[in-house]
Amino acid sequence: MPFGSSGQASLPPVAQHDEHLRQSAWRSICVNLRPIFVVTTKHFPSPRVFVVYYGVTNRHASLNLNHHGETMPPIIPISDAKDYVGQVVTVRGWIKRKTGKGKLLFLRVRDGSGIFQAVAFRPTLGDELFARAKKLTTESSVILTGEIREDSRAPGVPGGYEMDVRDLEIVQIAAPYPIAPKEHGVEFLLDHRHLWLRSDRQWAIQRVRATVIRAIRDWLDDHGFLNVDTPILTPAAGEGTTTLFEIDYHGTPAYLAQTGQLYNEANIFAFGKVYCFGPTFRAEKSKTRRHLQEFWMVEPEIAFCHLDELLEIEEQFVSYIVQRTLRERAEELALLGRDTSRLEQVVPPFPRLRYDDAVSMIHEAAAAGVTVPPKDEPLPPLPWGEDFGAPHETYIASQFEKPVFVTHYPTAAKAFYMEPDPERPEVCLSADLLAPEGYGEITGGSERMSDPEKLLAAIRREGLPEDAFDWYLDLRQYGSVPHSGFGLGVERTVAWITGIKNVREAIAFPRVLGRIRP
RNA sequence: UCCACCGUAGCUCAAUUGGCAGAGCAGCCGGCUGUUAACCGGCUGGUUCCUGGUUCGAGUCCAGGCGGUGGAGCCA
C-alpha cells in the first residue's frame, strides 16, 4: 500500500487536527496524478476527511499517516521541494556533507531524486535534537521533517530551496566514509565503485544514461521497429574468434555474444524492422578510455534498406537521443560542467565522407605536420586499405561541427558480411559515425551481403567455421532482400553527451581489463 | 602482447647528495548564527607494494616480482 500505512483494506480516516495538517493532506492529494475522491463530514463522530484513492505513483508525495491514522507531513522527494515552499514536509535520505557554525548546522542531503540543504538551528530545534543532528556523519541515513523555504544561498540540484529542520530521526550513523570531498585516484575509486556511485557526478551520469536509453527505445518504438532480443549464449563468433569470452555450455564450448546482428538478420525476415538491445562482450586486451569488456549496444536492422537510407535513419536517431537528453537532463549536464553548445548543433543532416577522401585529408594533414590531442603527437600516415587508428578518427572528427559519417571502407578491413560496392568491390557499403570532440566511433553499420553465393565465398575466405553459419546462409535462400543495420554503443554515447573522459564512468559497474570487482 | 609512467597514513601527496617518516583532507574532542571541499585549537593515525642485494645507514641505489594508470593494436 503506497501510503505507508498498515495495508488494511478499509480506508483510513484522516484526523483534522489543525488547518496546517489539513493543507498538507490536501497538498499530497493534489499532486497525485491518479484519480482521488475526498469526502468531508462535519458530524461523525467529529469532523473528519475521508480519502478515497488508488494507484498512487511513487513519483509524487504520498499521504503520510501514523499508527493512529493521523496525518503526518507528506513524504516528498527532494526534487519536488520547490512545490512545498512554506509547508512542513518529510524527506528521507543520506547526509552528503555536514558543515556548521556553533548553533547552526548545514546538512547537505541527497535522496536519489535530488540534493538539497537542511538547516538545523539550535534555538528552533531544541538542545536534544540539535545534539542528535551534530552526531550525523557523512552518509548517515536520516528522516528529516521541516519547513521548506526558498533561499538563493541554498546549494543543490535543483538549488535555491532548503529545509528548516523541526524534527529528525537517525536511521543509521554511518561508519567513517572512505570517499572524501576531494580528489581520488582511479584505482581507489573503482575499488569503491559501490560507494562512488553516490557522488554527485556519478549520480548525474547515470541519470543521463537512463534518459539516453529511454530515448533509444522511444525513437525506435515510434518508428516502426520491433524490439526482438537476441541470445547472449551463442555457438559461434559474430566477427572473428579472437575477442570472444568462451564458456562451458554443458560440455560444448559456447561464447558470450559480441553482437546480436546475425540473429537480427533472421528477425527482419519475420518482423521487417527490428532492434535488439542488451549487453555485449568483447574479450579484447584493450585498456583505453573507450573500451569495456562488457558494454551495452542497441542494434537496429532494416529489411529493404540501402546504405543511403540507413544513414538517414542513423542521423535522425542520434539527433533525437542528443536533443532529448539536452532537454530532460539540463541540470545533470550543468552539474557535470558540460558545455552543451556543440551538442545543440547535433541535428540532421550529418556530413558524409568517403574513406578515400578521409585518407586524402589525413595525408594532407600529416604532411602539414598537424598534431592531435590529447598528447599533441604528430598525425601518423595512413596507407590506403588500413582501418583508422584513434588519432585518425580524432582528426577527421575534429574537422566537422557535427558527427560525421565515414563510408565505403576497404572491404578487406571490414567484417565478412558487409556488401561490397557493386561498382567498386574493393570498398564496401559500410558507414561509421564518428562523434565530435574525440569520442570516436559511436555507431558502426553497413548494408549486408544478400547473395548466398557471395556470402559463402566470404565466409570461406575468412576461414570461419561453415557449419556454424549454416542457418545464416539459409536466410539468403528464402526471399533474400537488400538489408542494412547498425550498432550504437551506449557507453560511448553517454560519455560523449556527458563530456566524461572515460567510458568506465558511463556504466554503474564497469568491466574493464583486469577488473571484475565490485 | 608491446611501449611509457606510477606504487609512502583511510585519501591526495611531500621527504634536499643515501642521514630523526611529514603535511592537508577524513576520523575523534572542543569553539563559532549562513556554511558552499567553511574556519580556529587539540588528538589519533605508518609492513614507505613484495623478495633479495649494496651500504655504518635505504622511502631514496641495484636485481627480480606483484599491482595500477595511460597509450598502441582491435573495436562500439
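Within every chain, numbering begins at 1; the chains are lettered A, B, ... in the order of the sequence lines, protein sequences first and strands thereafter.
Side-chain contact between A:Y161 and A:Y84 is absent, with no heavy atoms from C-beta onward closer than 4.5 Å. With contacts defined as side-chain heavy-atom distances shorter than 4.5 Å, the pair A:V298/A:L220 qualifies.
In this structure, the nucleotide among B:U36, B:C11, B:G27 sitting nearest to the side chain of A:R108 is B:U36.
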Exercise. How is the base pairing of RNA chain B summarised as a dot-bracket string, given the Watson-Crick and G-U wobble criteria with both distances under 3.5 Å, [ ] for crossing and | for another strand?
Worked result: (((((((..((((.....[..)))).(((((.......))))).....(((((..]....))))))))))))....
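When ring centroids are compared, A:F350 and A:F400 stay outside the 6.0 Å threshold.
With hydrogens and angles ignored, no donor-acceptor pair closer than 3.5 Å exists between the side chain of A:E187 and the base of B:G7. The base of B:U36 is not paired with the side chain of A:Q117 by any donor and acceptor separated by under 3.5 Å. No donor-acceptor contact under 3.5 Å links the side chain of A:R122 to the base of B:C32. Interface remark: the A:R149 side chain does form a donor-acceptor pair with the B:G34 base, using a distance-only criterion of under 3.5 Å.
Neither side chain, A:Y417 nor A:E265, offers a donor N or O lying under 3.5 Å from an acceptor on the other.
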Problem set entry | side chain to side chain contact (heavy atoms under 4.5 Å, CB included) between A:R108 and A:I115, intermediate numbers included | CA-CA 7 Å; A:R108 198 81 59 84; A:I115 303 160; 4.0 Å; yes
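Heavy atoms of A:E294 sit nowhere under 4.0 angstrom from any nucleic acid atom. Within 4.0 Å (heavy atoms only), A:D432 reaches no atom of the nucleic acid at all.
Taking a cutoff of 4.0 Å between a charged side-chain nitrogen and a carboxylate oxygen, A:K402 and A:E315 do not qualify as a salt bridge.
A stacked arrangement is assigned to A:F295 and the six-membered base ring of B:A76, with a centre-to-centre distance below 5.5 Å and an interplanar angle below 30°.
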